[in-house]
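Here the structure is laid out as structure tokens; the discussion comes afterwards.
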Amino acid sequence: MSPGTLVTPPEPCSDAHPAWLPLEAWRAVGARHTVVYGQGLLVDTVFAEIERACAGHGGAVARGIGEPAGHPAQLMFALVKSLPPGDDLGRMAYAELAAPGESLGSEGFVVARPGEVTVVLADAPAGLLYGLFEVVRLGEAAFGPAYPVRVHRPALGRRMLDHWDNVDVHPVMGQVERGYAGGSIFWRDGRPRRDRARLRAYARLLAACGVNAVSVNNVNVHATEARLLTERLDEVAEIADELRAYAIRVHLSVTFAAPVILAGLPTADPLDDRVRAWWAETTRRVYDRIPDFGGYLVKADSEGQPGPFSYGRDHADGANLLAEALAPHGGVVHWRAFVYNHRQDWRDRSTDRARAAFDHFAPLDGRFLDTVIVQVKHGPIDFQAREPVSPVIAAMPGTRLAVEFQVTQEYTGQQRHVCYLAPWWSEVLQFRPWGDDGRSVAEVAADLVAVSNVGDDRFWTGHPLAQANLYAFGRLAWDPGLSPETVLDEWIDLTFDPASSAGPALLRSTLHEIMDDSWRSYERYTAPLGVGFMVRPGHHYGPDVDGYEYTPWGTYHFADRDGVGVDRTRATGTGFTGQYPSPWAEVYESLDNCPDELLLFFHHVPYGHVLHSGSTVIQHIYDTHFAGVREVEAMARRWQRLAGLVGDDVYARVDELLGEQLRCAREWRDQVNAYFHRKSGVPDAHGRPLH
């Protein structure tokens, strides 16, 4: 679909679960008489979506001036500039904006009910699309007593998912690297998948939660993926055509060595005029084919990927090269800050992987062009179940930053375990690096990005309850102030339709009991007090306490007979605490003030060290691992209450996966407790077997 092509009513994807957009979720919209004012591709999408909802629920929709099916309108969607001269209702609603004359921006909208008609207004078509999905979320609440204007604008401009999908099947990582929900929805065995219905269904789901950008291939760019930039660009354009109607721009992961690989140049030196010219011309051709292309995503000089270091240049030189090529077309380059030495000497305690991103990037602050967005993992290591917020986020005030989450559950159960991540992400987004009076992470970031958890599994995410993480990412990217509980309520009500459930209150309360604290439950039965990487090397599933402890990838717990933890203090350790501004530099440096949940990330302590909770470190390890297993046992029992209240296919899949989660949680408990019992020689105070 090229820009300007009319949208036809979307057909359901028969082999995919409807997730948070089942037909039932559209009941309130589809039962009304609606009028839509405005022109453009996204307005066409709004009309087509309402037309489909009306076909299922008995309402009617009209385009432009007139009454739907001869009835007065009950719901109106309008671009402000398209309001007819006599429509005082819409103008009255728009006039109620808090700041008269204030623009809603390219994605903002207002919802109001000044009388008997619910009104959605926007300055631009994307705002109208997001306004539609807000009304779907509200359901019947959108049509109750009159209410004043509610203004909605996204907090972050780019809300992006990075797919780690391979075009060719990788011999180790498969079709999707770190994907736990089947194959790619874009690629299959070296070719485009071309499942238009699936792509359109995916686009709808993303737009409904607020995502507006997608990178369609792995950041580890292999030989075939490199050619998506040139000779296989049409395949990327096909994906863009399907996503465009839902305001989603396509981005592409590219290799820094592209001029050498694709054009046969002798160098990829970012300061070489031949290289600059090649990138400029290649990028121009990309935009000729995909006019709304979003930009490039680059992993460079990291884990074997090529980068500017090969030419004696730095990351600013490399990123600015691509930024210059993209700038004339309105694109951006996301340059990942995940750069560290993955061939370090485990015996050298001065080497600290946590320091690496700051050491590489903080000195470059102010040197990146405006079209560069440095993409920083939210923690300093690698998406472990508990990490502090990355100090890089506070260290680069002169650089545009994107904060990166991982929706795919690489280190949080791989979508075989229930692990609702929104509470964790909310903590990160609300964290204030400069203390209570400073800005939050959400206020510092330009973009929010996450590694996708989607595959070709019927349930999109493998585990049906992992859909909540994908939904929550989009919603928190739009509004970081939303509470995780509120987001979960939205997802529950959209996905399971309380109006058709025999026990909506039981369904809601049970899902909250299972999911609200599930991230902390996962933490309890896996890695204690900020320790990470106690996983089996390679696939990262299941426990292996020393799996990475003596490898070039890093050292993470330093457990011996006397104690455990990594000394990252300035006084006696790696100095990592000094990368934080006050007050956190002092908080993390202090053994007395460091939060319990991060103690072993920052300090090496004896097993008998007493936590703020009053427990010793060793007893905390024992107690939390027993508690985590009990909590998973309770999850499994609670899920059984929902037999008959959710679809049989959902019930069976979750029930099966909870059995695997319980097996794995017991394995974690037994291996971790046995390991630390043997290291410390300290028995459990409660006399439980520690194997």
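All of these numbers come straight from a predicted model, not from anything done at the bench.
- A side-chain donor-acceptor contact under 3.5 Å links Gln74 to the backbone of His33.
- Glu235 and Arg193 are not joined by a salt bridge, as no carboxylate oxygen comes within less than 4.0 angstrom of a charged side-chain nitrogen.
- The two residues Leu369 and Ala323 make their nearest non-hydrogen contact at CD1-CB, 4.0 Å.
- Ring centroids of Trp424 and Phe405 are separated by 6.0 Å or more, keeping the two rings apart.
- The pair Arg204-Glu49 counts as a salt bridge, with a side-chain nitrogen and a carboxylate oxygen less than 4.0 angstrom apart.
- When all heavy atoms of Trp434 and Arg439 are compared, the closest pair comes out as CE3-O, 3.8 Å.
- Side-chain atoms of Asp365 and Thr399 form a donor-acceptor pair, as typed in the model, at a separation below 3.5 Å.
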(message) Go through it in stages, so that I can follow the logic: the residues are Ile373 and Phe368, the test is side-chain contact (heavy atoms from CB on, under 4.5 Å), and I'd like the CA-CA distance, side-chain angles, deciding distance and then a yes or no.
(response) CA-CA 8 Å; Ile373 301 170; Phe368 292 96; over 6 Å; no
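- Taking both residues in full, the closest heavy atoms of Gly105 and Ala124 are given as O-CB, 4.1 Å, listed atom of the first, atom of the second, then distance.
- Here the rule is side-chain contact (heavy atoms from CB on, under 4.5 Å) with His334, and of Asp447, Val372, Val298 only Asp447 fits it.
- Remark: Arg159 fails to qualify as a cation-pi partner of Phe473 under the 6.0 Å distance and 45° angle criteria applied to the six-membered ring.
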(message) Set out, in order, the CA-CA distance, both residues' side-chain angles and the distance that settles salt bridge (Lys or Arg N to Asp or Glu O under 4.0 Å) for Asp493 and Arg508, then state yes or no.
(response) CA-CA 8 Å; Asp493 287 350; Arg508 180 189 290 248; 2.5 Å; yes
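- For the pair Arg285 and Tyr287, the cation-pi test (distance below 6.0 Å, angle within 45°) is failed.
- The CG atom of Leu132 lies 9.5 Å from the OG1 atom of Thr45; values are rounded to the nearest 0.5 Å.
- To the nearest 0.5 Å, atom CG of residue Leu507 and atom OG of residue Ser501 are 5.0 Å apart.
- Between Arg27 and Asp497 a salt bridge is recorded (basic side-chain N to carboxylate O distance below 4.0 Å).
- Side-chain contact between Asn469 and Thr461: absent, with no pair of heavy atoms (C-beta onward) separated by less than 4.5 Å.
- The closest side-chain heavy-atom distance from Thr34 to Met76 is not below 4.5 Å.
- A salt bridge links Glu443 to Arg432: at least one charged side-chain nitrogen sits closer than 4.0 Å to a carboxylate oxygen.
- The closest donor-acceptor contact from the side chain of Glu242 to the backbone of Glu238 lies at 3.5 Å or more, if one exists at all.
- In this structure, the side chains of Val441 and Val389 come closer than 4.5 Å at one or more pairs of heavy atoms.
- Looking only at side-chain heavy atoms (C-beta outward), Leu161 and Tyr202 come within less than 4.5 Å of each other.
- In this structure a side-chain-to-backbone donor-acceptor pair under 3.5 Å is missing from Asp241 to Ile290.
- Of the residues listed (Val444, Leu482, Leu476), the one engaging Leu429 in a side-chain contact (heavy atoms from CB on, under 4.5 Å) is Leu476, and it is the only one.
- Residues Pro145 and Arg113 come closest through the heavy atom pair O-CD, 3.9 Å.
- Thr408 and Asn453 share no donor-acceptor pair across their side chains, judged by distance under 3.5 Å alone.
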(message) Working note: Leu448 + Met160, criterion side-chain contact (heavy atoms from CB on, under 4.5 Å); need CA distance, chi angles, decisive distance, verdict.
(response) CA-CA 6 Å; Leu448 197 64; Met160 180 171 169; over 6 Å; no
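- The shortest distance between side-chain heavy atoms of Gln430 and Pro480 falls below 4.5 Å.
- Ion pair Arg244/Asp292 flagged as a salt bridge, since at least one NZ, NE, NH1 or NH2 atom sits closer than 4.0 Å to an Asp/Glu carboxylate oxygen.
- Under 4.0 Å is where a charged nitrogen must lie from a carboxylate oxygen, and between Arg475 and Glu490 at least one such pair does.
- Between Trp491 and Phe496, the two ring planes are perpendicular [angle over 60°; tilted spans 30° to 60°].
- Counting non-hydrogen atoms of neighbouring residues, nucleotides and ligands closer than 6.0 angstrom, the CD atom of Glu116 reaches no more than 12 such neighbours.
- Atom CG of Asp162 and atom CD of Gln375 lie 5.0 Å apart (nearest 0.5 Å).
- Between Tyr296 and Trp279, the gap from one ring centroid to the other is short of 6.0 Å.
- Taking the six-membered ring for Trp, His163 and Phe186 have ring centres closer than 6.0 Å.
- Closest heavy-atom contact between Ile185 and Gly455: CG2-O, 3.6 Å.
- The pair Asp370-Arg400 fails the salt-bridge criterion, with no side-chain N (NZ, NE, NH1 or NH2) lying under 4.0 Å from an Asp/Glu carboxylate O.
- Across all their heavy atoms, Val407 and Ala450 have their closest contact at CG2-CB, 3.3 Å.
- Between Leu470 and Trp460 the shortest side-chain heavy-atom distance does not fall below 4.5 Å.
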(message) Between Lys81 and Tyr37, does the side-chain contact (heavy atoms from CB on, under 4.5 Å) criterion hold? Intermediate values first, please.
(response) CA-CA 9 Å; Lys81 64 183 179 183; Tyr37 296 107; over 6 Å; no
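- A distance-only check finds no donor-acceptor pair linking the side chain of His329 to the backbone of Gly295 [under 3.5 Å].
- The OH atom of Tyr471 sits 7.5 Å away from atom SG of Cys209, with the distance rounded to the nearest 0.5 Å.
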(request) Assess whether side-chain contact (heavy atoms from CB on, under 4.5 Å) is satisfied between Asp288 and Val286, documenting all intermediate values. (result) CA-CA 5 Å; Asp288 284 347; Val286 170; over 6 Å; no
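- Using a 4.5 Å heavy-atom threshold, the side chains of Arg150 and Phe109 count as separate.
- For Asp44 and Arg63, the salt-bridge test passes: some basic side-chain N is under 4.0 Å from an acidic carboxylate O.
- A donor atom on one side chain and an acceptor atom on the other are not found under 3.5 Å apart for Gln415 and Gln409.
- We find the CH2-CG distance between Trp478 and Asn212 to be 8.5 Å, quoted to the nearest 0.5 Å.
- Annotation: side chain of Tyr130 is not in contact with side chain of His152 (no heavy-atom distance under 4.5 Å).
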(request) Given ring-ring contact (aromatic ring centres under 6.0 Å, His included), test His378 with Trp425 step by step and report yes or no. (result) CA-CA 9 Å; His378 70 83; Trp425 297 335; 8.3 Å; no
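- A side-chain donor-acceptor contact under 3.5 Å links Tyr420 to the backbone of Pro484.
- Looking at His17, its side chain does come within 3.5 Å of a backbone N or O of Ala19 through a donor-acceptor pair.
- Rounded to the nearest 0.5 Å, atoms CZ (Arg336) and NZ (Lys377) are 5.0 Å apart.
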(message) Determine whether His315 and Trp335 satisfy the following criterion, side chain to side chain donor-acceptor pair (under 3.5 Å), listing intermediate values before the conclusion.
(response) CA-CA 8 Å; His315 288 287; Trp335 190 273; 2.9 Å; yes
